[in-house]
Amino acid sequence: MGMFYLVRHGLKKQGTGDVPLSGEGAAQARATARHFRQKKITSVYASPLRRAAETAAFIAMELGYGVTEDSRLRERANWGDLPGQTFEQFVAMWNRCTRDREYIPPVGDSARKAGERLESFIRECAEQDPDCAIAAVTHGGLITDFLINIFPEQRLEQLYPGFLAAQSRLIPECSITAVRYDRGTFEVELFASTAHLTGGGEDKNDD
């Protein structure tokens, strides 16, 4: 049975392109790193985008590991990748991708394709080591794209009422979504938890 702790990166600095973590984001990443001392993590992966790679570096340093970057963990689309695109235009593009999961934007992937990337990453890692426990630092949109691909709406509603309508705001910075993969079957054991950031102690699954 493989365990995948999908971590959204910490709060990033404002700006376009491949921006780093803000000071608050670095503090979130340090708190997340301390939390993972309680877990038997076997490896740490990250999206190549700077905010994710920096978050993963805190976790890896705490555990005494290195970070492996994997492009499959990259966000569906990133503001700044399309030259001259305003933030308003980016948001409109993002929202169109969310409404139409087959829509391929001028840069990036469709929501469906993005979710398939994360699924591919999980399956491949689990095939290499069926008992892996991986911390994978990625992006909020990619996590929800993956979940929507994998689970029926009824299961998504159990995770959060109105999941499909609210998906763009469901994954806070440095939240943890724990996904178990066992012999071809996925299950969510923890969804978008920030208990480790708020002093709530151990993450608890409400399912």
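Quick caveat: nothing in here was measured; it's all calculated off a predicted structure.
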Applying side chain to side chain contact (heavy atoms under 4.5 Å, CB included), can you list everything that pairs with Thr86, at least two apart in sequence or on another chain?
Glu88, Gln89
Sub-3.5 Å donor-acceptor pair from the side chain of Glu54 to the main-chain atoms of Leu21, do we have one?
yes
Taking the side chain as everything from C-beta on, heavy atoms only, tell me whether Val44 gets closer than 4.5 Å to Thr68.
no
Smallest separation among heavy atoms of Ile148 and Gln167, with atom names:
CD1-OE1, 3.3 Å
Any side-chain to backbone donor/acceptor pair from Glu157 onto Gly162? Under 3.5 Å, distance only.
yes
Could you work out, with side chain to side chain contact (heavy atoms under 4.5 Å, CB included) as the rule, every residue matching Glu102, not counting sequence neighbours?
Asp100, Arg112
Quick check with a 6.0 Å cut-off and a 45 degree axis cone: is Arg96 positioned over the face of Tyr103's six-membered ring?
yes
Do the side chains of Glu173 and Lys12 get close enough for a salt bridge, i.e. N-O under 4.0 angstrom?
no
Please check if Val107 and Leu49 belong to a single hydrophobic cluster, counting links between Ile, Leu, Val, Met, Phe, Trp and Tyr side chain heavy atoms closer than 4.5 Å.
no
Taking Thr194 for its side chain and Leu197 for its backbone only, find out whether a donor-acceptor pair lies under 3.5 Å.
no
Excluding sequence neighbours, so at least two apart, what forms side chain to side chain contact (heavy atoms under 4.5 Å, CB included) with Ala26?
Arg30, Phe58
Least distance between heavy atoms, Asp18 atom then Pro48 atom:
OD2-O, 4.3 Å
Can you check whether Tyr5 and Phe36 have ring centres sitting under 6.0 Å from each other?
yes
To the nearest 0.5 angstrom, please state how far the CZ atom of Phe90 sits from the CG atom of Leu82.
10.0 Å
Give, for atom CD1 of Ile59 and atom CD1 of Ile41, the distance between the pair rounded to the nearest 0.5 Å.
8.5 Å
Within-4.5 Å side-chain heavy-atom neighbours: Val179 and Met3
no
Step by step, would you call Val91 with Trp79 a side-chain contact (heavy atoms from CB on, under 4.5 Å)?
CA-CA 9 Å; Val91 170; Trp79 181 36; over 6 Å; no
Please confirm whether Phe191 and Phe163 have ring centers closer than 6.0 angstrom.
yes
Let me have the donor-acceptor pairs involving side chains of residues 130-141, under 3.5 Å, with sequence neighbours excluded, atom names and distances please.
unit_1, atom_1, unit_2, atom_2, d
Asp131, OD1, Met1, N, 3.4
Thr138, OG1, Leu73, O, 2.7
His139, NE2, Ser47, OG, 2.8

Closer than 4.0 angstrom, basic N to acidic O: yes or no for Asp81 and Arg74?
yes
Quick one, Arg72 and Leu118 - any side-chain contact, counting heavy atoms below 4.5 Å?
no
Min side-chain heavy-atom separation Thr177-Leu190 under 4.5 Å:
no
Just how far is it from atom CG of Leu6 to atom CD1 of Ile143, taken to the nearest 0.5 Å?
5.0 Å
From Arg117 CZ over to Asp70 CG, what is the distance, rounded to the nearest 0.5 angstrom?
9.5 Å
Partner of His9 under side chain to side chain donor-acceptor pair (under 3.5 Å), picked from Arg51, Glu75, Arg50, is Arg51
If you count heavy atoms of other groups shown closer than 6.0 angstrom to OH of Tyr160, is the number above 12?
no
Heavy atoms only: give me the nearest Ala195-Ser193 pair and the separation to one decimal.
N-OG, 3.3 Å
So Asp109 and Ile104, do their side chains get closer than 4.5 Å, heavy atoms only?
no
Strictly distance-based, threshold 3.5 Å: is any side-chain N or O of Thr32 a donor or acceptor partner for the main-chain N or O of Gln28?
yes
Pairing residues for Arg180 by the salt bridge (Lys or Arg N to Asp or Glu O under 4.0 Å) criterion, not counting sequence neighbours:
Glu189
For the residue pair Arg8 / Ser175, report whether a side-chain donor-acceptor contact shorter than 3.5 Å exists.
no
What I want to find out is whether Asp145 reaches Arg101 closely enough, with some N-O distance under 4.0 Å, to be called a salt bridge.
yes
Can you find a heavy atom in the side chain of Phe121 that is under 4.5 Å from one in the side chain of Tyr45?
yes
Pair Thr98, Arg76: side-chain N/O donor-acceptor within cut-off below 3.5 Å
yes
Does CG in Leu164 sit with more than 12 non-hydrogen atoms of other residues, nucleotides or ligands closer than 6.0 Å?
yes
Report yes if the side chains of Ser168 and Trp94 come closer than 4.5 Å at any heavy-atom pair, otherwise no.
yes
List the residues meeting side-chain hydrogen bond (donor to acceptor under 3.5 Å, both in side chains) with Arg123, not counting sequence neighbours, and say none if there are none.
Glu119, Tyr181
Applying a strict under-4.5 Å side-chain criterion to I, L, V, M, F, W and Y, I'd like to know whether Leu170 and Leu159 cluster together.
yes
Are Leu11 and Val19 connected, step by step, through hydrophobic side chains (Ile, Leu, Val, Met, Phe, Trp, Tyr) whose heavy atoms are closer than 4.5 Å?
no
